[in-house]
Amino acid sequence: MTASFPVRDYDLAATLTSGQAFRWKRCGDAWQGIISGRWVELRQEAGAIVARAAEAQRDWNWLRHYLQIDVDLEKVLGTFPNDDAMRASVTACRGLRLLRQDPWECLASFILSSTKQIVQIQQIVRALCECFGSRVAVPAAHEAQYAFPTPEQVASAAERDLRACKMGFRAPNLLATARIVAAGEVDLARLAEQDCETARTALVQFPGVGEKIANCVLLFAYGFQDAFPVDVWVRKALLHLYFPRRRPSVQRLERFIRTYFGPNSGYAQQYLFHYMRTQMPRTRKKAVEKRRRKAAQ
DNA sequence: CACCAGGGTACCT
DNA sequence: AGGTACCATGGT
C-alpha cells in the first residue's frame with residue numbers, strides 16, 4: 001500500500017500549504033490528508049514523492065491526477081512574464097504546483113473561505129468533515145478520519161448544525177448550494193466538459209459564489225490554468241508591483257490580467273499569492289524591526 | 001485590543 | 001460603473 005512517484009521540480013510542502021486545499025496536516029516530515037475518501041500519507045524524498053494509503057490500491061491514478069505529477073512545470077514556468085516580481089516568486093517557491101481537486105469539495109471549501117484566514121478555513125472544513133462526513137479507513141492505531149461530506153450529506157443538514165462548525169453567515173450559502181447540487185439541478189462533473197467561460201457562468205449562479213470563488217474552483221478543480229482569482233493579497237500585489245501610485249479601473253486591471261500573464265496566468269497567480277504570503281510577512285517583520293530600532297535611538 | 005481575513009450581495013450615488 | 005455597509009468569527 002505504498003508507492004513511489006519520481007518527480008523533479010515538485011515542492012510538496014509549498015503545494016499543500018499554498019491555500020488551494022485545506023485538509024492537509026503536517027506530521028513530522030510527512031503530510032496526511034484525504035483524497036476522494038481515501039486516507040493517504042505523502043512524503044517528499046530525493047527525486048520522488050512516496051505515498052502510503054490505508055488500504056491496498058488497484059492503481060494510483062487518482063493520486064497522480066490529484067498531484068498533477070505528469071505536468072511539465074518547466075514548460076509552464078516558461079510562459080510566465082519575465083519581470084522582477086515573477087522571477088522573485090518563482091525563485092522563492094519553485095516547485096509549487098496546482099492540484100486537481102474534486103469540484104464539490106473545492107466549491108464548498110471556497111464558499112467557506114470568504115473573509116477568512118487560511119488557518120480558520122482549515123478549522124471550519126475540519127469541523128464540517130467531522131460532523132457530516134463518512135468515516136474512512138485509516139491505518140491501525142490512527143485516530144478516526146472523515147471524508148469530505150457529499151452534497152447530499154450537507155443538503156440534509158440543518159443550518160443551525162452547519163453554523164455550529166463556525167462558518168457564520170456562510171452557512172446558508174453552503175446549504176443552498178448543496179441542495180442545488182444534490183437535487184441534480186447543476187451537474188458539477190459535466191462542467192468539466194464545458195469551456196472556461198461557460199463553467200464560470202454556471203458557478204456564479206450558486207449563492208455565495210462570485211468571480212473570485214468561481215475562479216478558484218475553475219483553477220483548482222477544473223484545471224483551467226488561465227482562471228485568475230483575485231483576493232486581497234493578489235490585488236495588493238498587482239497594484240503595488242504593476243500599478244505603483246496609479247488607480248486602474250476594474251476594467252483596466254482585468255484587461256491587464258488577461259493579456260499580461262499568458263496562457264497559465266492562474267498558475268502565475270498562485271506563485272504570486274504564495275510568494276506574498278510567505279515572503280512579505282518576513283520583510284514586514286524586518287520593517288517593523290527597523291522602525292523599532294530607529295525609535296529606540 | 002483593534003484590525004483583518006483566498007468575498008458576496010444588496011443598495012446607494 | 002463605482003463606492004459602502006453588512007454578514008460571523010477568531011487569529012495575530
Side-chain angles (χ1 to χ4, degrees), chain A residues 14-24 89 93 96-99 101 105-128 131 159-178 180 200-222 224 227-240 243 246-255 257 265-289 292:
Chain A
T15 300
L16 300 183
T17 62
S18 66
Q20 42 180 330
F22 303 104
R23 298 202 62 194
W24 290 98
S89 300
C93 43
L96 171 63
R97 304 286 189 127
L98 288 183
L99 300 168
Q101 302 178 58
E105 176 171 343
C106 189
L107 173 62
S109 297
F110 276 97
I111 285 175
L112 299 176
S113 76
S114 69
T115 32
K116 278 292 181 190
Q117 301 180 139
I118 289 175
V119 187
Q120 294 177 272
I121 302 168
Q122 292 168 338
Q123 293 167 355
I124 295 169
V125 169
R126 167 188 284 267
L128 180 71
C131 285
E159 184 182 316
R160 174 188 304 274
D161 296 328
L162 290 175
R163 281 181 185 266
C165 299
K166 310 299 183 187
M167 61 183 73
F169 62 85
R170 304 157 195 82
N173 292 334
L174 178 64
L175 183 55
T177 297
I180 292 170
R200 182 183 288 111
T201 302
L203 288 171
V204 296
Q205 304 300 319
F206 290 113
V209 180
E211 291 287 319
K212 190 272 173 182
I213 290 176
N215 281 329
C216 285
V217 179
L218 291 169
L219 184 63
F220 302 142
Y222 290 109
F224 291 108
F228 197 104
V230 180
D231 75 313
V232 291
W233 287 90
V234 172
R235 179 177 303 282
K236 228 180 295 180
L238 290 177
L239 294 181
H240 181 255
F243 297 89
R246 271 187 292 169
R247 193 142 288 292
S249 66
V250 176
Q251 297 283 339
R252 179 70 187 88
L253 192 60
E254 282 178 356
R255 197 168 67 83
I257 289 168
S265 57
Y267 229 108
Q269 172 276 153
Q270 194 65 9
Y271 271 82
L272 276 180
F273 176 74
H274 193 64
Y275 176 64
M276 291 294 288
R277 283 192 60 245
T278 56
Q279 306 300 119
M280 289 307 282
R282 206 190 303 176
T283 63
R284 191 181 302 165
K285 258 181 223 168
K286 233 183 267 178
V288 169
E289 201 60 38
R292 188 177 316 178

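The basis for the numbers below is simple: all heavy atoms, side chains too, and nothing from hydrogens, waters or symmetry mates. Naming convention: chains lettered A, B, ... in sequence-line order (proteins, then strands); numbering from 1 in each chain.
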Nearest nucleotide by nearest heavy atom, which residue falls closer to the 5' end of DNA chain C, A:Phe169 or A:Ser249?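 Comparing both residues, the 5'-ward one is A:Ser249.
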Using the [atom1] atoms only, state how far [M] lies from [N], rounded to an integer number of Å.
N	M	atom1	answer
B:dG6	C:dG2	C1'	23 Å
C:dT4	B:dC4	P	15 Å
B:dC1	C:dA8	P	23 Å

A:Phe110/A:Phe22 under ring pair (Phe, Tyr, Trp, His ring centres under 6.0 Å): CA gap, chis, key distance, verdict: CA-CA 10 Å; A:Phe110 276 97; A:Phe22 303 104; 5.2 Å; yes
Quick one: [X] [atom1] to [N] [atom2], roughly how many Å, whole number?
X	N	atom1	atom2	result
A:Met276	B:dA5	CE	P	11 Å
A:Phe22	B:dA5	CZ	P	15 Å
A:Leu162	C:dC7	CG	P	20 Å

Gap between atom OH of A:Tyr267 and atom CG of A:Leu96 - 0.5 Å precision: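 The distance works out to 7.0 Å.
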Pairing annotation in dot-bracket form, given for DNA chain C with Watson-Crick or G-U pairs under 3.5 Å and | for cross-strand partners: |||||||.||||
So with a 6.0 Å cut-off around CZ of A:Arg235, is the heavy-atom count from everything else above 12?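 No, not enclosed.
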Mind checking if [X] touches a base, just sugar-phosphate, or nothing, with heavy atoms under 4.0 Å?
X	answer
A:Val250	sugar-phosphate
A:Thr115	base
A:Gln122	nothing
A:Ser18	base
A:Phe220	base
A:Arg170	base

base_contact_polar (B:dG6 base, A:Gln269 side chain, donor-acceptor, <3.5 Å):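 Such a pair exists between side chain and base.
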Please tell me if the side chains of A:Leu128 and A:Leu174 come closer than 4.5 Å, counting only heavy atoms from C-beta onward.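 Yes. Closest side-chain heavy atoms under 4.5 Å.
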Main-chain N/O of [Y] paired with [X] side-chain donor or acceptor, under 3.5 Å:
X	Y	result
A:Thr15	A:Arg97	yes
A:Arg163	A:Ala171	no
A:Gln270	A:Gly266	no

Quiz question: by atom type and distance under 3.5 Å, do the side chains of A:Ser18 and A:Gln20 form a donor-acceptor pair?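 The criterion, which ignores hydrogens and geometry beyond distance, is satisfied for A:Gln20 and A:Ser18.
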Stacking here means centres under 5.5 Å and planes under 30°; does A:Phe110 stack on B:dG6?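 Answer is no, no stack.
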Taking only N/O atoms, report every protein-nucleotides 9-13 of chain B pair under 3.5 Å with atom names and distance.
unit_1, atom_1, unit_2, atom_2, d
B:dT9, OP1, A:Gly208, N, 3.3

Can you name the atoms? Protein N/O to nucleotides 10-12 of chain C N/O, anything below 3.5 Å, with the distance.
unit_1, atom_1, unit_2, atom_2, d
C:dG10, O4', A:Gln120, NE2, 3.0
C:dG11, O4', A:Gln117, NE2, 3.1

